[in-house]
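Following: one structure in C-alpha coordinates, then a few remarks.
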Amino acid sequence: MSQTGSNKDVSEENLPSEQATARDGAVVSADDPFADPGLPPHQHRVQDIDERAAKRSERTVALFFVLSMLATVGFIASYVAFSIDKIVYVWPLGHVSALNLSLGLTLGVALFFIGAGAIHWARTLMTDVEVSDDRHPIAATPEVKAKVMSDFREGVDESGFGRRKLIRNTMFGALALVPLSGVVLLRDLGPLPEDKLRHTLWSKGKLLVNQNTNQPLRPEDIPVGSLTFAKPEGLEDDDHDFQKEIAKAALMIVRIQPEDIKDKRELDWSHEGIVAYSKICTHVGCPVSLYEQQTHHVLCPCHQSTFDLADGARVIFGPAGHALPQLRIGVNKDGYLEALGDFEEPVGPSFWERG
Ligand code: FES
(Lines give C-alpha, C1' and ligand atoms only; values in the text may rest on other atoms or scores of the structure.)
Protein backbone atom coordinates (compact mmCIF):
# COMPACT_ATOMS: atom_id res chain seq x y z
CA MET A 1 0.00 0.00 0.00
CA SER A 2 1.31 3.42 -0.71
CA GLN A 3 0.45 6.68 0.90
CA THR A 4 1.50 10.30 0.74
CA GLY A 5 4.21 11.37 3.16
CA SER A 6 6.45 14.39 3.71
CA ASN A 7 8.01 16.18 0.77
CA LYS A 8 11.64 15.13 1.14
CA ASP A 9 14.03 14.21 -1.60
CA VAL A 10 14.61 10.48 -1.26
CA SER A 11 15.83 9.54 -4.74
CA GLU A 12 18.27 6.66 -5.01
CA GLU A 13 20.55 7.25 -7.93
CA ASN A 14 23.49 4.98 -7.38
CA LEU A 15 22.09 1.58 -6.52
CA PRO A 16 24.73 -1.14 -6.87
CA SER A 17 23.82 -3.70 -9.52
CA GLU A 18 23.86 -6.77 -7.21
CA GLN A 19 21.92 -5.50 -4.20
CA ALA A 20 20.65 -2.18 -3.01
CA THR A 21 18.33 -0.66 -0.46
CA ALA A 22 15.51 1.19 -2.20
CA ARG A 23 14.00 4.40 -0.93
CA ASP A 24 11.47 2.61 1.30
CA GLY A 25 14.03 0.21 2.69
CA ALA A 26 13.17 -2.80 0.46
CA VAL A 27 16.09 -5.00 -0.46
CA VAL A 28 16.56 -5.37 -4.21
CA SER A 29 18.52 -8.36 -5.33
CA ALA A 30 19.58 -9.11 -8.88
CA ASP A 31 19.29 -12.84 -8.13
CA ASP A 32 15.71 -12.84 -6.92
CA PRO A 33 13.15 -11.94 -9.63
CA PHE A 34 10.37 -11.76 -7.01
CA ALA A 35 12.14 -9.38 -4.66
CA ASP A 36 10.31 -6.18 -3.84
CA PRO A 37 11.83 -3.56 -6.16
CA GLY A 38 10.61 -0.73 -3.92
CA LEU A 39 9.32 2.54 -5.26
CA PRO A 40 10.87 4.19 -8.30
CA PRO A 41 13.06 7.24 -7.68
CA HIS A 42 11.11 10.36 -6.94
CA GLN A 43 10.92 12.80 -9.85
CA HIS A 44 10.59 16.43 -8.92
CA ARG A 45 7.83 18.39 -10.61
CA VAL A 46 8.61 21.78 -12.03
CA GLN A 47 6.52 23.36 -9.24
CA ASP A 48 8.76 21.66 -6.62
CA ILE A 49 11.86 23.40 -7.84
CA ASP A 50 10.58 26.59 -9.48
CA GLU A 51 8.75 28.98 -7.19
CA ARG A 52 7.39 30.96 -10.18
CA ALA A 53 5.84 27.80 -11.66
CA ALA A 54 4.29 27.07 -8.27
CA LYS A 55 2.81 30.57 -8.21
CA ARG A 56 1.41 30.06 -11.72
CA SER A 57 -0.27 26.84 -10.62
CA GLU A 58 -1.63 28.60 -7.59
CA ARG A 59 -3.17 31.30 -9.79
CA THR A 60 -4.63 28.65 -12.14
CA VAL A 61 -6.27 26.84 -9.23
CA ALA A 62 -7.63 30.13 -7.93
CA LEU A 63 -8.95 30.97 -11.42
CA PHE A 64 -10.85 27.66 -11.55
CA PHE A 65 -12.46 28.36 -8.19
CA VAL A 66 -13.38 31.90 -9.28
CA LEU A 67 -14.98 30.51 -12.48
CA SER A 68 -16.98 28.13 -10.29
CA MET A 69 -18.15 31.07 -8.17
CA LEU A 70 -19.22 32.99 -11.31
CA ALA A 71 -21.15 29.97 -12.55
CA THR A 72 -22.96 29.73 -9.21
CA VAL A 73 -23.87 33.41 -9.49
CA GLY A 74 -25.10 32.63 -13.03
CA PHE A 75 -27.20 29.78 -11.63
CA ILE A 76 -28.92 32.14 -9.20
CA ALA A 77 -29.33 34.81 -11.88
CA SER A 78 -30.89 32.26 -14.27
CA TYR A 79 -33.34 31.22 -11.63
CA VAL A 80 -34.43 34.83 -11.19
CA ALA A 81 -34.32 35.82 -14.87
CA PHE A 82 -35.96 32.94 -16.73
CA SER A 83 -39.54 31.84 -16.55
CA ILE A 84 -40.30 28.11 -16.70
CA ASP A 85 -42.49 28.82 -19.74
CA LYS A 86 -39.71 30.33 -21.84
CA ILE A 87 -38.82 27.83 -24.58
CA VAL A 88 -35.66 28.06 -26.69
CA TYR A 89 -34.38 25.96 -29.53
CA VAL A 90 -31.05 24.27 -28.78
CA TRP A 91 -29.36 22.09 -31.32
CA PRO A 92 -29.47 19.04 -31.15
CA LEU A 93 -31.84 18.89 -28.18
CA GLY A 94 -34.70 20.70 -29.87
CA HIS A 95 -37.05 22.90 -27.90
CA VAL A 96 -36.26 22.99 -24.22
CA SER A 97 -37.12 25.10 -21.23
CA ALA A 98 -34.62 27.99 -20.99
CA LEU A 99 -34.77 27.80 -17.20
CA ASN A 100 -33.88 24.11 -17.01
CA LEU A 101 -31.15 24.52 -19.60
CA SER A 102 -29.51 27.49 -17.88
CA LEU A 103 -29.77 25.94 -14.40
CA GLY A 104 -28.24 22.71 -15.64
CA LEU A 105 -25.43 24.41 -17.52
CA THR A 106 -24.44 26.83 -14.77
CA LEU A 107 -24.58 24.22 -12.03
CA GLY A 108 -22.59 21.82 -14.21
CA VAL A 109 -19.93 24.46 -14.87
CA ALA A 110 -19.74 25.38 -11.17
CA LEU A 111 -19.19 21.76 -10.13
CA PHE A 112 -16.77 21.13 -12.99
CA PHE A 113 -14.47 24.00 -11.99
CA ILE A 114 -14.48 22.98 -8.33
CA GLY A 115 -13.34 19.53 -9.45
CA ALA A 116 -10.81 20.92 -11.93
CA GLY A 117 -9.36 23.27 -9.30
CA ALA A 118 -9.04 20.49 -6.74
CA ILE A 119 -7.38 18.14 -9.22
CA HIS A 120 -4.95 20.78 -10.48
CA TRP A 121 -4.10 21.72 -6.91
CA ALA A 122 -3.43 18.09 -5.97
CA ARG A 123 -1.38 17.35 -9.08
CA THR A 124 0.84 20.40 -9.08
CA LEU A 125 1.13 21.79 -5.56
CA MET A 126 0.32 19.17 -2.98
CA THR A 127 3.12 16.85 -2.01
CA ASP A 128 3.46 13.84 -4.33
CA VAL A 129 6.00 11.75 -2.46
CA GLU A 130 4.93 8.14 -2.10
CA VAL A 131 5.97 5.97 0.79
CA SER A 132 5.20 2.31 1.23
CA ASP A 133 3.42 0.99 4.28
CA ASP A 134 3.82 -2.77 4.48
CA ARG A 135 0.87 -4.87 5.55
CA HIS A 136 1.33 -7.46 8.20
CA PRO A 137 1.20 -11.01 6.79
CA ILE A 138 -2.36 -12.27 6.29
CA ALA A 139 -1.62 -15.98 6.73
CA ALA A 140 -1.58 -17.37 10.26
CA THR A 141 1.67 -18.84 11.53
CA PRO A 142 2.00 -22.65 11.61
CA GLU A 143 1.81 -22.52 15.41
CA VAL A 144 -1.55 -20.70 15.34
CA LYS A 145 -2.95 -23.11 12.73
CA ALA A 146 -1.85 -26.11 14.79
CA LYS A 147 -3.47 -24.61 17.89
CA VAL A 148 -6.79 -24.03 16.08
CA MET A 149 -6.85 -27.61 14.80
CA SER A 150 -6.00 -29.03 18.18
CA ASP A 151 -8.77 -26.93 19.83
CA PHE A 152 -11.23 -28.13 17.21
CA ARG A 153 -10.37 -31.80 17.76
CA GLU A 154 -10.57 -31.33 21.48
CA GLY A 155 -14.05 -29.81 21.07
CA VAL A 156 -15.17 -32.76 18.89
CA ASP A 157 -13.86 -35.23 21.47
CA GLU A 158 -15.48 -33.46 24.39
CA SER A 159 -18.88 -33.23 22.63
CA GLY A 160 -18.82 -36.93 21.78
CA PHE A 161 -19.99 -35.98 18.27
CA GLY A 162 -17.96 -38.78 16.67
CA ARG A 163 -18.67 -41.43 19.26
CA ARG A 164 -22.37 -40.95 19.92
CA LYS A 165 -23.73 -41.82 16.50
CA LEU A 166 -27.34 -42.03 17.66
CA ILE A 167 -27.31 -38.41 18.82
CA ARG A 168 -25.47 -37.26 15.73
CA ASN A 169 -27.85 -38.95 13.28
CA THR A 170 -31.02 -37.83 15.04
CA MET A 171 -29.66 -34.28 15.18
CA PHE A 172 -29.10 -34.36 11.41
CA GLY A 173 -32.66 -35.65 10.99
CA ALA A 174 -34.08 -32.86 13.16
CA LEU A 175 -32.12 -30.19 11.28
CA ALA A 176 -33.25 -31.58 7.94
CA LEU A 177 -36.94 -31.67 8.92
CA VAL A 178 -37.30 -28.33 10.67
CA PRO A 179 -37.37 -26.26 7.40
CA LEU A 180 -40.46 -28.24 6.40
CA SER A 181 -42.45 -26.22 8.97
CA GLY A 182 -41.81 -23.13 6.84
CA VAL A 183 -42.88 -24.95 3.67
CA VAL A 184 -46.17 -25.99 5.31
CA LEU A 185 -46.80 -22.38 6.34
CA LEU A 186 -46.72 -21.37 2.66
CA ARG A 187 -50.29 -22.68 2.54
CA ASP A 188 -51.31 -19.62 4.55
CA LEU A 189 -50.43 -17.43 1.58
CA GLY A 190 -53.82 -18.40 0.16
CA PRO A 191 -54.95 -20.40 -2.83
CA LEU A 192 -52.73 -20.53 -5.86
CA PRO A 193 -53.62 -17.92 -8.48
CA GLU A 194 -53.74 -20.61 -11.16
CA ASP A 195 -54.56 -18.82 -14.42
CA LYS A 196 -56.71 -16.05 -12.91
CA LEU A 197 -53.98 -13.52 -13.54
CA ARG A 198 -54.04 -14.33 -17.22
CA HIS A 199 -57.72 -13.56 -17.75
CA THR A 200 -60.00 -10.59 -17.28
CA LEU A 201 -63.74 -10.15 -17.63
CA TRP A 202 -63.41 -9.33 -21.29
CA SER A 203 -64.69 -11.96 -23.68
CA LYS A 204 -66.04 -12.09 -27.20
CA GLY A 205 -69.17 -9.97 -27.60
CA LYS A 206 -68.88 -7.99 -24.31
CA LEU A 207 -69.88 -4.39 -24.90
CA LEU A 208 -67.50 -1.56 -24.01
CA VAL A 209 -69.29 0.58 -21.42
CA ASN A 210 -68.28 4.12 -20.54
CA GLN A 211 -66.84 3.96 -17.02
CA ASN A 212 -68.40 7.29 -16.02
CA THR A 213 -71.84 7.14 -17.65
CA ASN A 214 -72.35 3.36 -17.67
CA GLN A 215 -73.59 3.70 -21.26
CA PRO A 216 -72.45 1.34 -24.02
CA LEU A 217 -70.09 3.11 -26.38
CA ARG A 218 -70.56 3.66 -30.10
CA PRO A 219 -67.67 4.61 -32.43
CA GLU A 220 -69.11 8.12 -32.78
CA ASP A 221 -68.74 8.59 -28.99
CA ILE A 222 -64.95 8.48 -29.40
CA PRO A 223 -63.72 11.67 -31.11
CA VAL A 224 -60.12 11.97 -32.32
CA GLY A 225 -57.84 13.14 -29.53
CA SER A 226 -60.09 12.20 -26.61
CA LEU A 227 -59.30 9.59 -23.95
CA THR A 228 -62.21 7.45 -22.76
CA PHE A 229 -62.18 4.90 -19.96
CA ALA A 230 -64.30 1.82 -20.32
CA LYS A 231 -65.28 -1.36 -18.52
CA PRO A 232 -67.08 -4.51 -19.62
CA GLU A 233 -70.88 -4.51 -19.59
CA GLY A 234 -72.61 -6.17 -16.66
CA LEU A 235 -70.42 -4.84 -13.86
CA GLU A 236 -72.49 -2.89 -11.37
CA ASP A 237 -70.92 -0.73 -8.69
CA ASP A 238 -72.36 -2.90 -5.90
CA ASP A 239 -71.12 -6.06 -7.53
CA HIS A 240 -69.12 -7.98 -4.95
CA ASP A 241 -66.16 -8.42 -7.28
CA PHE A 242 -66.51 -5.05 -8.95
CA GLN A 243 -63.49 -3.33 -7.43
CA LYS A 244 -61.21 -6.29 -7.96
CA GLU A 245 -62.26 -7.09 -11.47
CA ILE A 246 -62.51 -3.54 -12.76
CA ALA A 247 -58.91 -3.04 -11.76
CA LYS A 248 -57.92 -5.81 -14.10
CA ALA A 249 -60.34 -5.07 -16.92
CA ALA A 250 -60.00 -1.26 -16.96
CA LEU A 251 -59.62 -0.05 -20.49
CA MET A 252 -58.63 3.18 -22.16
CA ILE A 253 -59.88 3.98 -25.61
CA VAL A 254 -58.54 6.54 -28.06
CA ARG A 255 -59.18 7.24 -31.71
CA ILE A 256 -56.14 7.73 -33.93
CA GLN A 257 -56.17 8.44 -37.65
CA PRO A 258 -55.66 4.96 -39.17
CA GLU A 259 -52.79 6.24 -41.32
CA ASP A 260 -50.97 7.32 -38.14
CA ILE A 261 -50.98 3.81 -36.69
CA LYS A 262 -47.57 2.29 -37.28
CA ASP A 263 -48.15 -1.19 -35.87
CA LYS A 264 -50.01 -3.54 -38.24
CA ARG A 265 -51.46 -5.74 -35.50
CA GLU A 266 -52.69 -2.67 -33.68
CA LEU A 267 -54.43 -1.49 -36.83
CA ASP A 268 -56.01 -4.93 -37.37
CA TRP A 269 -57.27 -4.98 -33.79
CA SER A 270 -58.74 -1.49 -33.97
CA HIS A 271 -62.02 -0.25 -35.41
CA GLU A 272 -61.59 2.68 -37.79
CA GLY A 273 -58.63 3.90 -35.73
CA ILE A 274 -60.30 3.32 -32.35
CA VAL A 275 -57.84 1.38 -30.22
CA ALA A 276 -58.41 -0.11 -26.76
CA TYR A 277 -55.57 -0.77 -24.33
CA SER A 278 -55.31 -1.94 -20.74
CA LYS A 279 -55.19 1.03 -18.41
CA ILE A 280 -52.95 -0.79 -15.93
CA CYS A 281 -49.30 0.21 -16.19
CA THR A 282 -47.00 -2.73 -16.82
CA HIS A 283 -44.48 -1.38 -14.32
CA VAL A 284 -46.18 -1.73 -10.92
CA GLY A 285 -49.80 -1.30 -11.88
CA CYS A 286 -50.74 2.38 -11.55
CA PRO A 287 -53.57 3.60 -13.80
CA VAL A 288 -52.11 5.15 -16.93
CA SER A 289 -54.02 8.30 -17.60
CA LEU A 290 -52.19 11.26 -19.17
CA TYR A 291 -52.75 11.26 -22.92
CA GLU A 292 -51.04 13.62 -25.34
CA GLN A 293 -53.10 13.67 -28.53
CA GLN A 294 -50.41 15.24 -30.77
CA THR A 295 -47.87 12.49 -30.17
CA HIS A 296 -50.29 9.72 -29.13
CA HIS A 297 -48.12 9.18 -26.07
CA VAL A 298 -49.74 8.15 -22.84
CA LEU A 299 -47.93 8.66 -19.53
CA CYS A 300 -48.12 6.82 -16.24
CA PRO A 301 -48.03 9.40 -13.45
CA CYS A 302 -46.33 7.11 -10.94
CA HIS A 303 -42.86 6.72 -12.46
CA GLN A 304 -43.29 8.41 -15.85
CA SER A 305 -43.37 5.31 -18.04
CA THR A 306 -44.51 6.52 -21.46
CA PHE A 307 -46.22 4.36 -24.08
CA ASP A 308 -46.75 5.12 -27.76
CA LEU A 309 -50.37 4.31 -28.55
CA ALA A 310 -49.73 4.72 -32.28
CA ASP A 311 -47.07 2.01 -32.18
CA GLY A 312 -48.51 -0.94 -30.29
CA ALA A 313 -48.28 0.96 -26.96
CA ARG A 314 -44.60 0.10 -26.79
CA VAL A 315 -42.59 1.65 -23.99
CA ILE A 316 -40.64 4.69 -25.15
CA PHE A 317 -39.53 5.92 -21.73
CA GLY A 318 -39.47 4.83 -18.11
CA PRO A 319 -39.18 1.65 -16.09
CA ALA A 320 -42.10 -0.33 -17.56
CA GLY A 321 -40.85 -3.53 -19.14
CA HIS A 322 -43.66 -4.29 -21.57
CA ALA A 323 -46.10 -2.61 -23.90
CA LEU A 324 -49.64 -2.16 -22.63
CA PRO A 325 -51.80 -5.15 -23.68
CA GLN A 326 -54.26 -4.32 -26.46
CA LEU A 327 -57.87 -5.53 -26.55
CA ARG A 328 -59.19 -6.51 -29.95
CA ILE A 329 -62.44 -4.65 -30.62
CA GLY A 330 -65.13 -4.37 -33.30
CA VAL A 331 -68.70 -3.17 -33.70
CA ASN A 332 -71.77 -5.40 -33.24
CA LYS A 333 -74.83 -5.38 -35.44
CA ASP A 334 -76.45 -2.69 -33.30
CA GLY A 335 -73.51 -0.35 -33.83
CA TYR A 336 -71.94 -0.68 -30.35
CA LEU A 337 -68.26 -1.25 -29.67
CA GLU A 338 -67.62 -4.79 -28.45
CA ALA A 339 -64.64 -6.90 -27.41
CA LEU A 340 -63.61 -9.63 -29.81
CA GLY A 341 -62.01 -11.68 -27.02
CA ASP A 342 -59.94 -11.28 -23.87
CA PHE A 343 -56.47 -9.71 -23.68
CA GLU A 344 -53.98 -12.08 -25.19
CA GLU A 345 -51.43 -11.50 -22.43
CA PRO A 346 -51.66 -10.81 -18.68
CA VAL A 347 -52.45 -7.20 -17.85
CA GLY A 348 -50.54 -5.26 -15.25
CA PRO A 349 -47.06 -5.44 -13.82
CA SER A 350 -44.56 -7.14 -16.04
CA PHE A 351 -42.93 -9.19 -13.30
CA TRP A 352 -45.55 -11.84 -14.00
CA GLU A 353 -44.40 -14.42 -16.45
CA ARG A 354 -45.75 -13.24 -19.77
CA GLY A 355 -47.01 -15.65 -22.28
S1 FES B 1 -46.44 2.17 -12.23
FE2 FES B 1 -46.36 3.14 -14.11
S3 FES B 1 -44.36 3.79 -14.31
FE4 FES B 1 -44.38 2.80 -12.41
Side-chain angles (χ1 to χ4, degrees), residues 84 93-97 99-101 103-104 189-190 192-202 208-212 217 222 224-232 235 237 241-256 260-263 265-267 269-270 273-329 339 341-355:
I84 188 85
L93 302 175
H95 292 91
V96 295
S97 155
L99 178 61
N100 288 349
L101 182 68
L103 291 182
L189 294 177
L192 290 174
E194 295 167 350
D195 67 346
K196 280 193 211 131
L197 296 168
R198 299 189 175 278
H199 299 292
T200 69
L201 291 174
W202 291 108
L208 277 59
V209 171
N210 187 309
Q211 197 170 315
N212 297 321
L217 288 162
I222 316 287
V224 173
S226 69
L227 176 65
T228 306
F229 297 126
K231 61 183 180 180
L235 278 182
D237 283 21
D241 289 330
F242 176 77
Q243 293 298 335
K244 197 168 57 178
E245 294 303 331
I246 196 64
K248 276 171 58 188
L251 208 60
M252 61 182 168
I253 306 171
V254 298
R255 186 193 282 267
I256 302 172
D260 290 343
I261 297 179
K262 301 174 202 139
D263 184 89
R265 191 186 86 156
E266 177 179 6
L267 188 59
W269 286 20
S270 72
I274 299 173
V275 292
Y277 281 99
S278 167
K279 188 183 162 187
I280 312 302
C281 181
T282 55
H283 179 218
V284 291
C286 285
V288 179
S289 55
L290 305 172
Y291 179 55
E292 191 183 55
Q293 58 170 301
Q294 304 292 335
T295 59
H296 310 302
H297 293 170
V298 70
L299 177 85
C300 175
C302 287
H303 312 100
Q304 282 70 54
S305 284
T306 308
F307 306 86
D308 185 355
L309 293 192
D311 192 11
R314 73 184 172 87
V315 184
I316 57 170
F317 180 78
H322 291 272
L324 296 169
Q326 184 179 2
L327 187 73
R328 190 173 190 174
I329 58 170
D342 197 357
F343 291 104
E344 288 211 341
E345 54 193 333
V347 299
S350 50
F351 47 78
W352 296 111
E353 187 62 34
R354 314 293 291 224

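Just so you know, ligand 1 is whichever comes first in the structure, and atom 1 is the first atom listed for that ligand. Please read these numbers as outputs of a predicted model, since none were measured by experiment.
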Atom 2 (Fe) of ligand 1 contact by Cys281, N, O or S atom under 2.8 Å: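 For Cys281, the answer is yes, given that an N, O or S atom comes within less than 2.8 Å of atom 2 (Fe) of ligand 1.
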N, O or S atom of Cys300 closer to atom 2 (Fe) of ligand 1 than 2.8 Å: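 Under 2.8 Å: Cys300 contacts atom 2 (Fe) of ligand 1 through an N, O or S atom.
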Residue Phe317 excluded, over 12 heavy atoms near CZ under 6.0 Å: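 For Phe317, atom CZ is not crowded (no more than 12 foreign heavy atoms under 6.0 Å).
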Minimum-distance protein heavy atom relative to atom 3 (S) of ligand 1: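 Of every protein heavy atom, Ser305 OG, 3.1 Å lies nearest to atom 3 (S) of ligand 1.
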Which atom of His303 approaches atom 4 (Fe) of ligand 1 most closely (N/O/S):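 The closest N, O or S atom of His303 to atom 4 (Fe) of ligand 1 is ND1.
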Ligand-side contact atoms (ligand 1) for residue partner Cys286, heavy atom cut-off under 4.0 Å: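 With Cys286 as reference, the close atoms of ligand 1 come out as 1 (S).
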Per-atom contacts of ligand 1 with Val284, taking only distances under 4.0 Å to non-hydrogen atoms: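 By the 4.0 Å cutoff, the relevant atoms are 1 (S), 4 (Fe).
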Atom 4 (Fe) of ligand 1 to nearest N/O/S of His283 below 2.8 Å: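 Of the N, O and S atoms in His283, at least one lies under 2.8 Å from atom 4 (Fe) of ligand 1, which means yes.
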Pair His297-Tyr291, side-chain hydrogen bond (donor to acceptor under 3.5 Å, both in side chains): steps then yes or no: CA-CA 6 Å; His297 293 170; Tyr291 179 55; over 6 Å; no
Contact check, side chains of Phe343 and Leu251, non-hydrogen atoms, under 4.5 Å: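 In short, these two side chains touch, coming nearer than 4.5 Å.
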Thiol sulfurs of Cys300 and Cys286 closer than 2.5 Å: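 In this structure, Cys300 and Cys286 share no disulfide.
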Electrostatic pair Asp308:Lys262 at N-O distance under 4.0 angstrom: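 Yes, Asp308 and Lys262 are salt-bridged.
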Trp202 side-chain N/O to Pro232 backbone N/O, donor-acceptor pair under 3.5 Å: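 Answer holds: no.
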